[in-house]
Every structure is written in structure tokens, then in C-alpha cells.
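Read the numbers this way: they start at 1 and go in the same order the structure lists the ligands and their atoms.
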Amino acid sequence: MAVAARARHFVSIADLDRGGLAHLLERSSALKAARPRREPLLAGRTLAQIFEKPSLRTRLSFDVGMTELGGHCVYLSPQEVGLGRRESVADVARVVSRMVDAVVLRTNAHETIEEFARFASIPVINGLSDLSHPCQGLADILTISEKKGPDLRDVTVAYVGDGNNVLNSLMLAVVLRSARMRVATPAGFEPTPRYRELAERKAREANGSIVFGNDPIAAVRDADVVYTDVWTSMGQEQEYERRRRAFMGYQVNAALLRHAKPDAIVMHDLPAHRGEEITDEVLDGPQSVVFDQAENRLHTQKAILCWLLRGES
Ligand code: CP
Ligand code: NVA
């Protein structure tokens, strides 16, 4: 019996080597430049989106991206699917694989996406888990490249805040592009050892660098990019008060931003908790690129879809 070729997945930035990441960035830029012209590169193809958590950008960008490429999107809410509750993850993966061409999953537990990918015969895209957000990381590095130039070897990206899913993907993308990454989290909120070690290894391989610490000013000093994300992610709401106290002093505000280069850009994946991790003044200020960053989700999703569904490389 012939064995079917394994589908390519996009579960982590770690799934990409330097060439793969460079390809996706070039493809995203080309698709962005070609707009509003639409080539039906995915005509007749269907993408399912199975989400256990809310979303604006991820869901909308895949939906619009698929439509612009001539394909079709189906959204399945938590109430409908009940991954692992109404039906086993493996059975959902098998059924979905019989009907659609690719699937985006947004799950509470990263293991759910990994399990789904083991049983799926179609490409599986991580649309956010508790551990990583690779689609966001790709849009982030595209935005940094647009603003700071394609060669990032002299660029320093400072991340101030929670050692969470967004940071995990951002830091892998930054070091893979040979840039310098500086991370400042409160003690006890560092990224997991697995992701720290992965980022350190990728940095060594790509001649990038990464340092972890607890001092926001040291991280931001002379940085080209200042990035933050929410202190309380989706699913951590019961920890809200404890986190608010722990993250005092980690707010990206005008005083902190003064330590970065005068032309530093400010990034946030959104949604923002204004007045917590970032002030209105900074988020709405002249250095903020957050809406360019949000728009880039559309262009990078299209590149991911073409890569997975057309075998582009
Ligand atoms: N940044 C991001 O992923 O936004 P959504 O949660 O709205 O998809
Ligand atoms: N860290 C945030 C990112 C939202 C896009 C969360 O997981 O809720």
C-alpha cells in the first residue's frame, strides 16, 4: 500500500529554517505589493478555522486572505466542535482532513495542536496556543523588516512584559534573522526553559543574539524596536490581580521609551490592555506601528497559505 506524503504544518516558527523564513517574508511582501490585484492561486480550496478562544485579527486575516486568493473559509466556534470534549482531537482531525484542504487551530493547550497535527493529513496552522503564536511572529518580523530594512543584523529588538506565546514566536523570528533580542520580564514570568534554549540555539546558528533579564530600562536602552504584549493572556483571567501587581514597572510608557533610540518603533500584537502594559500616549503616538503590524497579518497569512497549499518554497 502506498504511504501518503506527510502534510507540511506551521505549528511553530521553529518549523522554519532561515531559508524558509526568508521565503515567507519575500512572498508576503510580493503579495502585499500586488494588492489589490488578486490572483486566484487557491481557487476551489477550503480552509477550516477551529477556535477555542476569541479572535479578531487571526480569524479575519485568514478569512479575507483565503477569499482574496480565490478560496473559501469555514469558521467553527468552540460551541460547535468541542475539541477533545464532544469528540476526540484525533477524530476531529481525521474528519476535517477528509473535507477541507488546511486548518487553522486556536487552542488553549499547545499539545492539542500537536496532537491534531499527528492525526491530520492536511496542513495544520497554529493560530495561537498557550505556548506560541507563529503567525503573529511572522507578521512581526515582516513589519520590523519594512521599518528597519531587510538586513536586521544591526537591529536590536527589546521585549518588555510577559514571557508568553507572543514572545516565544517573536524571539525565534528575530534571532533567525540574525538580529539582537533583549527580553525583560518580571522574575517568575520568564519564557519556559524549552523556548529559551531553543532561541539561544537558533541565535547561535544564525549569528543573532538573545539576552534575558528583569530590567526594562536595560532591555530598551538604544533599542530600535520596543515590543510589548498583555500581562494577562486569554485563559489567565483568574490571575489578573496577581499579574497586575507583578508587572508594575514593566509598562511601556513615554518615560521608558526615552531610553530607546529616538527613531525606535513601538509594536504590540493587539488587542492591547491600554493603561496596563502600554499607555495610550505611546500606543497612539508617532513611534507606534501597531496598525501596520496588524495589517501585515493579512499579507503573511496569504504567504503561509500559498506555502502550505501550493508547496511554494
Ligand atoms: N494578535 C492577534 O492574534 O489578534 P487576535 O487575537 O484578535 O486574533
Ligand atoms: N498573549 C495574548 C496574545 C493575543 C493575541 C494571549 O494569548 O491572549
Side-chain angles (χ1 to χ4, degrees), residues 10-13 28 47-66 73 75-78 103-113 125-144 159-173 183-186 189-192 195 225 227-240 242-244 246-247 250-252 266-278 283 288-305:
F10 186 48
V11 170
S12 166
I13 293 282
S28 303
L47 176 73
Q49 300 204 63
I50 302 179
F51 281 31
E52 293 186 329
K53 298 180 185 186
S55 170
L56 168 63
R57 280 145 290 269
T58 306
R59 180 183 170 186
L60 186 62
S61 53
F62 272 114
D63 210 332
V64 173
M66 205 57 193
C73 226
Y75 174 75
L76 295 158
S77 71
V103 58
V104 182
L105 291 177
R106 171 167 284 201
T107 61
N108 296 307
H110 188 77
E111 294 73 32
T112 306
I113 300 182
I125 301 169
N126 176 355
L128 181 145
S129 72
D130 58 339
L131 267 192
S132 70
H133 197 2
C135 299
Q136 182 67 53
L138 188 60
D140 294 342
I141 202 72
L142 176 66
T143 310
I144 294 170
Y159 178 96
V160 176
D162 189 21
N164 64 14
N165 47 7
V166 165
L167 171 62
N168 284 344
S169 297
L170 174 74
M171 65 189 187
L172 289 180
V183 178
T185 61
F189 294 90
E190 295 89 356
T192 60
Y195 266 88
V225 179
Y227 197 121
T228 191
D229 184 25
V230 292
W231 295 337
T232 304
S233 285
M234 292 180 277
Q236 297 175 329
E237 289 77 10
Q238 74 288 356
E239 298 174 23
Y240 178 78
R242 183 173 76 89
R243 285 175 165 271
R244 235 178 112 87
F247 284 88
Y250 288 80
Q251 184 185 65
V252 173
V266 173
M267 299 181 69
H268 191 305
D269 48 290
L270 303 177
H273 293 172
R274 289 168 175 264
E276 292 183 21
E277 76 276 3
I278 192 163
L283 194 68
S288 169
V289 299
V290 297
F291 297 108
D292 294 335
Q293 186 185 352
E295 181 198 315
N296 277 340
R297 295 294 306 277
L298 171 62
H299 312 302
T300 48
Q301 312 302 39
K302 288 166 77 174
I304 293 165
L305 290 167

Note: ligand 2 atoms sitting under 4.0 Å from heavy atoms of N164 are 1 (N)
ask   = Any chance the side chains of N126 and S132 put a donor and an acceptor closer than 3.5 Å?
value = yes
Considering both backbone and side-chain atoms of H133, is one of its nitrogen or oxygen atoms within less than 3.5 Å of a nitrogen or oxygen in ligand 2? no
Margin query: Is it the case that the side chains of E277 and H273 hold a donor-acceptor pair, with the cut-off being a distance below 3.5 Å and no angle test?
Written below: no
CG of N108 to CD1 of I113, rounded to nearest 0.5 Å, is 10.0 Å
Atom 3 (C) of ligand 2 sits nearest the protein heavy atom D269 OD2, 3.6 Å
Cationic tip of R59 above Y75 ring, under 6.0 Å, 45° of axis
yes
Exercise for the section: Determine whether the side chains of D269 and Q293 contain a donor N or O and an acceptor N or O closer than 3.5 Å. Expected result: no
**OP:** Using only heavy-atom distances, determine whether the side chains of D140 and Y227 contain a donor-acceptor pair under 3.5 Å.
**Re:** yes
Atom 7 (O) of ligand 2 sits nearest the protein heavy atom N165 ND2, 2.8 Å
* Taking distance alone, with no angle check, do S233 and ligand 2 share an N/O pair under 3.5 Å? -> yes
The atoms of ligand 2 lying under 4.0 Å from a heavy atom of L128, numbered in the order shown, are 3 (C), 4 (C), 5 (C), 7 (O)
Looking at F189 versus Y250, is the centre-to-centre ring distance below 6.0 Å?
no
Please tabulate, one line per pair, the protein nitrogen or oxygen atoms found under 3.5 angstrom from a nitrogen or oxygen of ligand 1, with distances to 0.1 Å, or say none if there are no such pairs.
| unit_1 | atom_1 | unit_2 | atom_2 | d |
| --- | --- | --- | --- | --- |
| ligand 1 | 1 (N) | Q136 | OE1 | 3.0 |
| ligand 1 | 1 (N) | D269 | O | 3.0 |
| ligand 1 | 1 (N) | L270 | O | 2.8 |
| ligand 1 | 1 (N) | R297 | NH1 | 3.4 |
| ligand 1 | 3 (O) | T58 | OG1 | 3.0 |
| ligand 1 | 3 (O) | R106 | NH2 | 3.2 |
| ligand 1 | 3 (O) | H133 | NE2 | 2.8 |
| ligand 1 | 3 (O) | R297 | NH1 | 3.0 |
| ligand 1 | 4 (O) | R57 | NE | 2.8 |
| ligand 1 | 4 (O) | L270 | O | 3.4 |
| ligand 1 | 6 (O) | R106 | NH1 | 2.8 |
| ligand 1 | 6 (O) | R106 | NH2 | 3.4 |
| ligand 1 | 7 (O) | L56 | N | 2.6 |
| ligand 1 | 7 (O) | R57 | N | 3.0 |
| ligand 1 | 7 (O) | R57 | NE | 3.3 |
| ligand 1 | 7 (O) | R57 | NH2 | 3.0 |
| ligand 1 | 8 (O) | S55 | OG | 2.6 |
| ligand 1 | 8 (O) | R57 | N | 3.4 |
| ligand 1 | 8 (O) | T58 | N | 2.8 |
| ligand 1 | 8 (O) | T58 | OG1 | 2.7 |
| ligand 1 | 8 (O) | R106 | NH2 | 3.1 |

Point to revise | Side-chain touch T58/R297, heavy atoms, less than 4.5 angstrom | key: yes
From the list D130, L131, I13, side-chain contact (heavy atoms from CB on, under 4.5 Å) with N168 holds only for L131
Item checked: Validation row: V266, I278 side chains within 4.5 angstrom (heavy atoms) -> yes
re atom 8 (O) of ligand 2, the protein heavy-atom contact at minimum distance is M234 N, 2.8 Å
For L270, the ligand 2 atoms with a heavy-atom partner under 4.0 Å come out as 5 (C)
